[in-house]
Amino acid sequence: MGEVILPFILIILVYAASATNPVPKGLSYNFYDKTCPQLEDTVRAALNPVFITDPTTAPALLRLMFHDCQVQGCDASILIDVSDSAPSKPSELGAKKNFGIRKRELINQIKSRLEIECPGQVSCADIIVLAARESVAISGGPRIKVPLGRRDSLSASSSEVADASLPSSDIGVDDTLSLFAKLGMTTQETVAIMGSHTLGITHCLNIMDRLYMPSNAKASSMDPRFEALLKFSCPEFTPLSQNTSFVFNDPSTFIFDNLYYQNSLQRRGVLRIDAELPLNIKTAGIVEHFAANDDDFFQEFTSAFLKLSYAGVLTGNHGVIRSMCNFVDN
Ligand code: HEM
Ligand SMILES: *[C@@H]1O[C@H](CO)[C@@H](O)[C@H](O)[C@H]1NC(C)=O
């Protein structure tokens, strides 16, 4: 009897484990083994010197992946420029919510190298995901193995569509949970992916309302000294500097660690979502747990990152392999 039931139980367990994070059809861990075996080394070799000369690169590339994947899937649509010959072709960079997106040119540069090493094989969409993965690892975060095989879109969204798909800078906890539930993320994973804000900066533009408008976007209980610091960095009546001045997302802005959670618990979250994750009953316990346990944060972040990287992927004979990332060949 036992011999009959055990295999069934094992099958159910294995299924349950993979069902929580199934690799989409068409992606695989050995996708480029035959066509571009050195891909991951090439990406790393191209990025490592840049990470050293400009440490703001890693945060920029992680956010680039989020803003690509969130708008019509992880398909490199965010890299497409308006072409001079066809100015009606849209560019997502016109979207207000893409303000601050940087370092797209690095993906183009990596692509040029790969076109020499393995012409016509590697998608820009996969390069974006690999660059984000390298950014997390180089900053001290988890080393994430990612399935590959994404293909590139034939078009970008309009800036209006991009703005509608991306979260606004004053989004709250419930809307954030529903946003990431659409990608299959659990509450834990959603809190973990927000830990991305352990890296990088926020321009004053994105927190002016929170600092100076008496609305619910302003967290009621910001640490007063932190609020004074933010107001000092982002003064109210200097509109020109709003787009150039910025604050750090957490005190260890170039290190991928759990300080983001500790900092938010001390009421020093920069954006509304950073401030409210520790205050909402659905997420508070998870924030406290991640603040105390780096390993669990890294583990949940890894599975959340993978789910983000699976968003709306084009595989098989959908989409194309662009020969240059910033425009569509035909
Ligand atoms: C509710 C969801 C989210 C909101 C509202 C949000 C909002 C923002 C805003 C307003 C900024 C500042 C941009 C600037 O002023 O230049 C920012 C920065 C950043 N975000 Fe998010 N974000 C969210 C989720 C995510 C996710 C899921 C990731 C990564 C997977 C991410 C990664 C980053 C990174 C790394 C930065 C720093 C960028 C830099 O230094 O250039 N964010 N985010
Ligand atoms: C600042 O950026 C916002 C969002 O992209 C834009 O609408 C605004 O015109 C910019 N302001 C200045 C002074 O450049």
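In listed order, ligands and their atoms are each counted from 1.
- Contact annotation: for Ile171 versus ligand 1, heavy atoms closer than 4.0 Å belong to the side chain alone.
- Interface atoms of ligand 1 facing Gly100, defined by a heavy-atom separation under 4.0 Å, are 16 (O).
- Shortest contact from atom 4 (C) of ligand 1 to any protein heavy atom: Pro167 CG, 3.9 Å.
- Annotation: side chain of Val270 is in contact with side chain of Phe226 (closest heavy-atom distance under 4.5 Å).
- Side-chain contact of Glu92 with Ser77: a donor-acceptor pair under 3.5 Å is present, judged by distance alone.
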- Item | side-chain hydrogen bond (donor to acceptor under 3.5 Å, both in side chains) evaluation trace for Thr187 with Thr190 | CA-CA 5 Å; Thr187 304; Thr190 300; over 6 Å; no
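- Donor-acceptor pairing under 3.5 Å is lacking for the side chains of Gln70 and Ser165.
- Protein heavy atom closest to atom 7 (O) of ligand 2, with residue, atom name and distance, is Lys96 CE, 3.3 Å.
- Each of the atoms 10 (C) of ligand 1 lies under 4.0 Å from some heavy atom of Ser169.
- Side chains of Arg150 and Ser309: a donor-acceptor N/O pair is present below 3.5 angstrom, by distance only.
- The Leu199 neighbourhood of ligand 1 comprises atoms 37 (C), with distances under 4.0 Å to a heavy atom of that residue.
- Within ligand 1, the atoms closer than 4.0 Å to a non-hydrogen atom of His203 are 14 (C), 15 (O), 16 (O), numbered from 1 in the order shown.
- Listed by number with element, the atoms of ligand 1 under 4.0 Å from a non-hydrogen atom of Arg102 are 39 (C), 40 (O), 41 (O).
- Ligand 1 lies nowhere less than 4.0 angstrom from a heavy atom belonging to Thr56.
- The existence of a salt bridge linking Arg133 and Glu40 is confirmed by a sub-4.0 Å separation between a basic side-chain nitrogen and an acidic carboxylate oxygen.
- By the 4.0 Å N-to-carboxylate-O rule, Asp81 lies close enough to Arg104 to be salt-bridged with it.
- A side-chain N or O of His67 and one of Asn98 form a donor-acceptor pair less than 3.5 Å apart.
- Residues Phe256 and Phe297 bring their aromatic ring centres within 6.0 Å.
- Under 4.0 angstrom from ligand 1, the non-hydrogen atoms of Phe180 all belong to its side chain.
- Nearest to atom 9 (O) of ligand 2 among the protein's heavy atoms is Asn243 ND2, 4.8 Å.
- The contact set between ligand 2 and Leu240, taken as ligand atoms under 4.0 Å from a residue heavy atom, comprises 13 (C).
- Asp274 and Ser264 are not linked by any side-chain donor-acceptor pair at a separation below 3.5 angstrom, with hydrogens and angles left out of the test.
- Heavy atoms of Ser168 found under 4.0 angstrom from ligand 1 belong exclusively to the backbone.
- Side chain of Gln242 to main chain of Cys234: no donor-acceptor pair is present (N/O by atom type, distance under 3.5 Å, no hydrogens or angles).
- Nearest residue to atom 4 (C) of ligand 2 from Leu205, Leu93, Asn98 is Leu205 (criterion: closest heavy atom).
- The set of protein atoms (N, O or S) found at less than 2.8 Å from atom 21 (Fe) of ligand 1 reads His197 NE2, by chain and number.
- For Asp296 and His289, the side-chain atoms include at least one donor-acceptor pair closer than 3.5 Å.
- If you look at Leu308 next to ligand 1, the close heavy atoms, those under 4.0 Å, all belong to the side chain.
- Looking only at heavy atoms of the protein, atom 35 (C) of ligand 1 is closest to Pro59 O, 3.2 Å.
- Salt-bridge annotation for Glu115 and Lys111: present, with a side-chain N of the basic residue lying under 4.0 Å from a carboxylate O of the acidic one.
- Of all protein heavy atoms, the one closest to atom 40 (O) of ligand 1 is Ile201 N, 2.9 Å.
- Salt bridge Arg268/Asp223: present, at least one basic N to carboxylate O contact under 4.0 Å.
- A distance of 4.5 Å separates OG of Ser233 from CG of Leu229, quoted to the nearest 0.5 Å.
- Taking a cut-off of under 4.0 Å to the non-hydrogen atoms of Phe99, the atoms of ligand 2 that pass are 2 (O), 5 (O).
- Here is the list of ligand 1 atoms found below 4.0 Å of a heavy atom in Thr176: 1 (C).
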